[in-house]
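Here the structure is a predicted model, which is why all the values come from computation and not from measurement. Atom set for the values below is all heavy atoms of this structure, side chains included, hydrogens, waters and symmetry mates excluded.
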Amino acid sequence: SPDLSKKYTIADMLTGFGVAQAVKHYYDIYGGDINGKRAIVQGFGNVGSAAAYYLTQSGAKVVGIIDRVGGVIDEDGYDMDSIRKMFLNKRCNMLVTEKMMPFEEINEKIWSVPAEIFIPAAASRLVTKNQVEQMIAAGLEVISPGANVPFADPEIFFGRIMEFTDQQVSLLPDFISNCGIARLFAYLMESKIDLPMSDHSIFEDTSNTIRLALEKTHRLHPYKTNICKTAFEIALQQLI
């Protein structure tokens, strides 16, 4: 927890936790190590701020944050104390910190900052092809969406930008990476819940569910591109 003296609801933290865990599990399954990887976070509400916190806790380095009013960049990465401070100083789910660049300036600069991880956790349909191309040129490896349908496509499923991105880098499906609250509802309805219920068991269940989904995707298609396409195929087969 960012502040042990304060209580947070599961809804405050779980989705962002899952988004960060999805990145950790991705490197475990597909190869690599999250430790030292650089991350850019888009949006600093409940999901984005929690994802930044848990990514840093896992050993990644947040090098840039872009929010609706502005943002910050530090190519050396923000340490745990800095991320915790930004989390605790949020105002109405907005980033509030020193040395914030105005939105127009951060939006010009952040997409070319070297980073392996991208967390789109703002509103849906914001990420453009040009932004994706800039991040790929700067070393992007994996995208773990905190937002549903993060790309600026008119289609709900697999628009042109999403398909392009999936073919170039590891795009984790949003219905896996940000499944936290949906998974919580399913978990609470199960008959084999250990009582008394604990926050640890809820968070662990979400993490395990994400890992199992990525492992299943990897078994069918053990490559670092077209991950999202493969996961959609699995999901559609299960529905049929």
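In this structure a side-chain-to-backbone donor-acceptor pair under 3.5 Å is missing from D67 to V69. Within the 3.5 Å criterion, the main-chain N or O of D153 finds a donor-acceptor partner in the side chain of R125. Remark: the backbone N or O of N35 is paired with a side-chain donor or acceptor of D33 at under 3.5 angstrom.
Heavy atoms only, all atoms of each residue included: I29 and E215 are closest at CD1-CG, 3.5 Å. Between I110 and G64 the shortest heavy-atom distance is CD1-C, 3.7 Å. When all heavy atoms are compared, the tightest approach of K109 to E105 is NZ-OE2, 2.8 Å.
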*Could you go step by step and tell me if M101 and I73 meet the side chain to side chain contact (heavy atoms under 4.5 Å, CB included) rule?*
CA-CA 9 Å; M101 301 179 197; I73 293 171; 4.0 Å; yes
*Going through the checks in order, is the side chain to side chain contact (heavy atoms under 4.5 Å, CB included) test met by I136 and V169?*
CA-CA 8 Å; I136 290 172; V169 296; 3.8 Å; yes
*Check step by step if side chain to side chain contact (heavy atoms under 4.5 Å, CB included) holds for Y8 and K6.*
CA-CA 7 Å; Y8 296 93; K6 179 181 177 181; 3.8 Å; yes
_Assess the residue pair N107 and Q131 against the criterion (side chain to side chain contact (heavy atoms under 4.5 Å, CB included)); give the C-alpha distance rounded to whole Å, side-chain angles, the decisive distance to 0.1 Å, and a yes or no._
CA-CA 9 Å; N107 195 42; Q131 291 166 349; 3.7 Å; yes
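Screening residues 42-59 for side chain to side chain donor-acceptor pair (under 3.5 Å) gives S49-K90, Y53-Q57 as the qualifying pairs, with residues at least two apart or on separate chains. Pairs engaging residues 167-185 under the side chain to side chain donor-acceptor pair (under 3.5 Å) rule: Y26-S170, N148-N178, R183-E190, R183-D205, R183-T209 [sequence neighbours left out]. Within the structure, side chain to side chain donor-acceptor pair (under 3.5 Å) contacts touching residues 226-235 (residues at least two apart or in different chains) do not occur.
Environment of NZ in K24: sparse, with no more than 12 heavy atoms of neighbouring residues, nucleotides or ligands closer than 6.0 Å.
Contacts of F118 classified as ring pair (Phe, Tyr, Trp, His ring centres under 6.0 Å), with partners at least two apart in sequence or in another chain: W111. Y223 meets the ring pair (Phe, Tyr, Trp, His ring centres under 6.0 Å) test with H221; sequence neighbours excluded.
Atoms NE2 and CG, from H218 and L214 in turn, are 10.0 Å apart once rounded to the nearest 0.5 Å.
In this structure, the side chains of T97 and N89 stay at 4.5 Å or more apart for every pair of heavy atoms.
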Side-chain donor-acceptor pairs under 3.5 Å in residues 15-23, sequence neighbours left out?
unit_1, atom_1, unit_2, atom_2, d
Q21, OE1, S207, OG, 2.7

